[in-house]
Amino acid sequence: MQEYILLMVGAALVNNVILARFLGLCSFMGVTTRIDTAIGMGLATTFVITVSSMANWAVEHYLLVPYGLGYLRTVTFILVIAGAVQFTEMTVRKVSPPLFQMLGIYLPLITTNCAVLGVALLLVEGKMTFIAATLFAFASSLGYSLVMVIFAGLRERLALAEVPPLFAGPPIGFIVASLLALAFLGFSGISTT
Amino acid sequence: MSIDVPAPEDSTDPLQPELVEGLARVVAVEGRLAWLEPEQTTSCGGCAASGLCGAKGIGTTASRLEMRRFPLVNDAHLAVGERVVVGVDARALLKASGTAYALPLGIMLGAGGVAQWIAGSDGITMATMLAGLGVGLLAARWGARWLGARGQLAPRFLRRASAGETCRIE
């Protein structure tokens, strides 16, 4: 149990997808102008990363490794991720059309989010069991959502601050992101091995 | 076919809940109803129509915007082709996200945890998680019906969009 907790803390905080691995930066800058939209995007991404990582683990262990198809890994994972996003879209649309109309804005953004593929490839590197892989993917996406929400909160405050005109907009956003990354470096002092 | 369309509210009322705004274009007018199509944004938050980076969710269902058309009561006498700003209650957006994503995910992970604890086998855990996902999606359906019955999922017309208004998700 302790091993799983350390794995999750390591994935969410120490090796954060955005601030330590620099994945998913596009949505990090683009969808963090409000906390509400950041939470929406974070939840959608958490769902897709977890589900697609489970599918990718199964494909890796029951198809790619036994048949020596490791060279097709990246292409296969991209297909699986696209399928997972498509499945999520279709399901939300079937489950509730109003929900689909309301939340559909986030789904196409996830297809082009490199964090989803990055987490899947990290799972292969880690040679994890199914449950460990699922928890790692879930924790990684929780870390992604956490940083999105923190950054959105900072940007909401920045919008009210008096920023010099030269720094207004994306420049001050990048400076704040770098400070946030420095703050998260503090977690690297936690030993998770 | 009757369509349940929420009555428009006074968007200038300061006591109204905070709204998440988005841009939409009027694509059809049928009697008292105007059909709107949301403007798609890209992963960088810019407008897909401006062709900034081409990341428009290629091949995804939601990238076909006609599937996300929605009706509004046309009290503002909107004409086809007009761009308007619509809004949804920020709390409703959070509830909807929780219902659609967090609920199925929570049930799926819970089921997987229990299966792993009892059986300790990858195959059984996988099968149980799939079943948990199915149950979670059913629960999401009930939750969405409950939210829909309270009229919380319907966008509201706020104002006509100005000429240079960008289509960021704000």
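Numbers restart at 1 for each chain; the letters A, B, ... are given by sequence-line order, proteins then strands. Since the structure is predicted, the reported quantities are computational estimates derived from the model, not experimental observations.
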Between chain A and each of L138(B), L105(B), L133(B), L137(B), count heavy-atom pairs under 4.5 Å; write down the option with the most.
L105(B)
Counting a contact as any heavy-atom pair under 4.5 Å apart, which residues of residues 54-66 of chain A contact chain B?
M54(A), W57(A), A58(A), Y62(A)
Shortest non-hydrogen contact from S97(B) to G40(A)?
OG-CA, 3.5 Å
Using 0.5 Å steps for rounding, measure from the CE atom of M108(B) to the CZ atom of F138(A).
8.5 Å
Look at the side-chain heavy atoms of Ile, Leu, Val, Met, Phe, Trp and Tyr, link any pair under 4.5 Å apart, and say whether L130(B) and V135(B) land in one connected group.
no
Would T134(A) and T125(B) satisfy side-chain contact (heavy atoms from CB on, under 4.5 Å), going step by step from the backbone distance to the final call?
CA-CA 11 Å; T134(A) 306; T125(B) 305; over 6 Å; no
Who in residues 113-121 of chain B is close to chain A, using a strict under-4.5 Å heavy-atom cut-off?
Q116(B)
Does any backbone or side-chain atom of T46(A) lie under 4.5 Å from a heavy atom of chain B? Answer side chain, backbone, both or neither.
both
In terms of heavy-atom contacts, L43(A) and G98(B) come closest through CD1-N, 3.8 Å
Measure M126(B) against the heavy atoms of chain A and call it side chain, backbone, both or neither at under 4.5 Å.
both
Quick one: closest heavy-atom pair of Y101(B) and F47(A), and the distance?
O-CD1, 3.5 Å
Under 4.5 Å from a heavy atom of chain A, the part of L109(B) involved:
side chain
